[in-house]
Structures are given as C-alpha cells and as structure tokens.
Amino acid sequence: MYWLFAIKSQIDNRIYVGMTSNVDKRVAEHNSAKTRSTKAFLPWVLIYKESAESRSQARYREKYLK
C-alpha cells in the first residue's frame, strides 16, 4: 500500500506533497534534513494523508494535488 501525504513547514506555512509506502519514516526523513528540497524549512508537521492501492494511483493523486 502507498500513501499520499502533505506536510506543512512551521516556519513559513509552505506545504510539501509527496508519496511513500511509510509515512512516519518519510516525515522523519524530512525533519532530519535528509531531503534537499525541504531541509531549509524545518520543522515539518503532517497535515494530511490518504491511502492508495497502487503506486500509480498514489502518483496520480500526488500530481493532482501539486
């Protein structure tokens, strides 16, 4: 199962949308500065997640929300 998620920066209210198979692990990676595109805007808070049956469905929803 894949997950679509949105996180929000507590610094400037920026929202990042992504997909993963493990939401908790992915949010932790964003908050530990392991992701180049989000490390300047720490800390991040999970604000939304939804499940998808396949990677392609999750990717479709990710593109739609972006």
Side-chain angles (χ1 to χ4, degrees):
M1 177 166 288
Y2 283 86
W3 294 89
L4 172 73
F5 69 95
I7 53 177
K8 185 176 183 179
S9 170
Q10 292 185 322
I11 290 186
D12 67 354
N13 294 325
R14 177 180 310 251
I15 295 175
Y16 175 90
V17 176
M19 64 173 218
T20 185
S21 59
N22 185 333
V23 176
D24 295 332
K25 179 181 174 186
R26 189 68 178 124
V27 172
E29 288 173 354
H30 283 287
N31 278 319
S32 65
K34 292 184 178 180
T35 304
R36 185 176 10 176
S37 62
T38 60
K39 70 180 180 180
F41 308 102
L42 297 170
W44 293 90
V45 176
L46 180 68
I47 59 170
Y48 179 78
K49 71 177 180 178
E50 80 179 49
S51 63
E53 292 183 16
S54 68
R55 186 178 192 283
S56 61
Q57 286 179 340
R59 182 72 173 140
Y60 175 81
R61 287 288 293 156
E62 177 189 23
K63 285 183 176 184
Y64 174 79
L65 292 175
K66 283 184 176 183

Look up atom [atom1] in [X] and atom [atom2] in [Y], then write down how far apart they are to the nearest 0.5 Å.
X: Thr20; Y: Lys49; atom1: OG1; atom2: NZ; result: 11.0 Å
X: Trp44; Y: Ile11; atom1: CH2; atom2: CD1; result: 9.0 Å
X: Leu65; Y: Lys63; atom1: CG; atom2: NZ; result: 13.0 Å
X: Arg26; Y: Ser21; atom1: CZ; atom2: OG; result: 10.5 Å

- State, with a plain yes or no, whether a side-chain heavy atom of Gln10 is found less than 4.5 Å away from one of Val45.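 Sidechains of Val45 and Gln10: in contact.
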Could you pull out all donor-acceptor pairs under 3.5 Å where a side-chain atom in residues 1-8 meets a protein atom, sequence neighbours excluded?
none

- Task: State, without any angle test, whether Thr38 and Arg14 hold a side-chain donor-acceptor pair at a distance under 3.5 Å.
- Result: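 Arg14 and Thr38 do not have a side-chain donor-acceptor pair below 3.5 Å.
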- So, Thr35 side chain and Ser37 main chain: donor-acceptor pair closer than 3.5 Å or not?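 Here the side-chain-to-backbone pair does not exist.
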- Query: Of the non-hydrogen atoms in Leu42 and His30, which two are nearest, and what is the gap between them?
  - Reply: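 Closest approach of Leu42 to His30: CD2-O, 3.0 Å.
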- Parallel, tilted or perpendicular: ring planes of Tyr60 versus Tyr64, cut at 30 and 60 degrees: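 Parallel: the ring planes of Tyr60 and Tyr64 meet at under 30°.
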- Can you sort out the partners of Ser32 under side-chain hydrogen bond (donor to acceptor under 3.5 Å, both in side chains), two or more places apart, ordered by chain and number?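 Result, side-chain hydrogen bond (donor to acceptor under 3.5 Å, both in side chains) vs Ser32: none returned.
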- More than 12 foreign heavy atoms under 6.0 Å from NZ of Lys66: is that the case here?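 Count over threshold, so yes.
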- Message: Working note: Met19 + Arg55, criterion side-chain contact (heavy atoms from CB on, under 4.5 Å); need CA distance, chi angles, decisive distance, verdict.
- Response: CA-CA 8 Å; Met19 64 173 218; Arg55 186 178 192 283; 3.5 Å; yes
- Query: Is it the case that one hydrophobic cluster holds both Val17 and Ile47, taking links as side-chain heavy atoms less than 4.5 Å apart, direct or via other members?
  - Reply: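 Yes; tracing contacts between hydrophobic side chains, which count when under 4.5 Å, links both residues.
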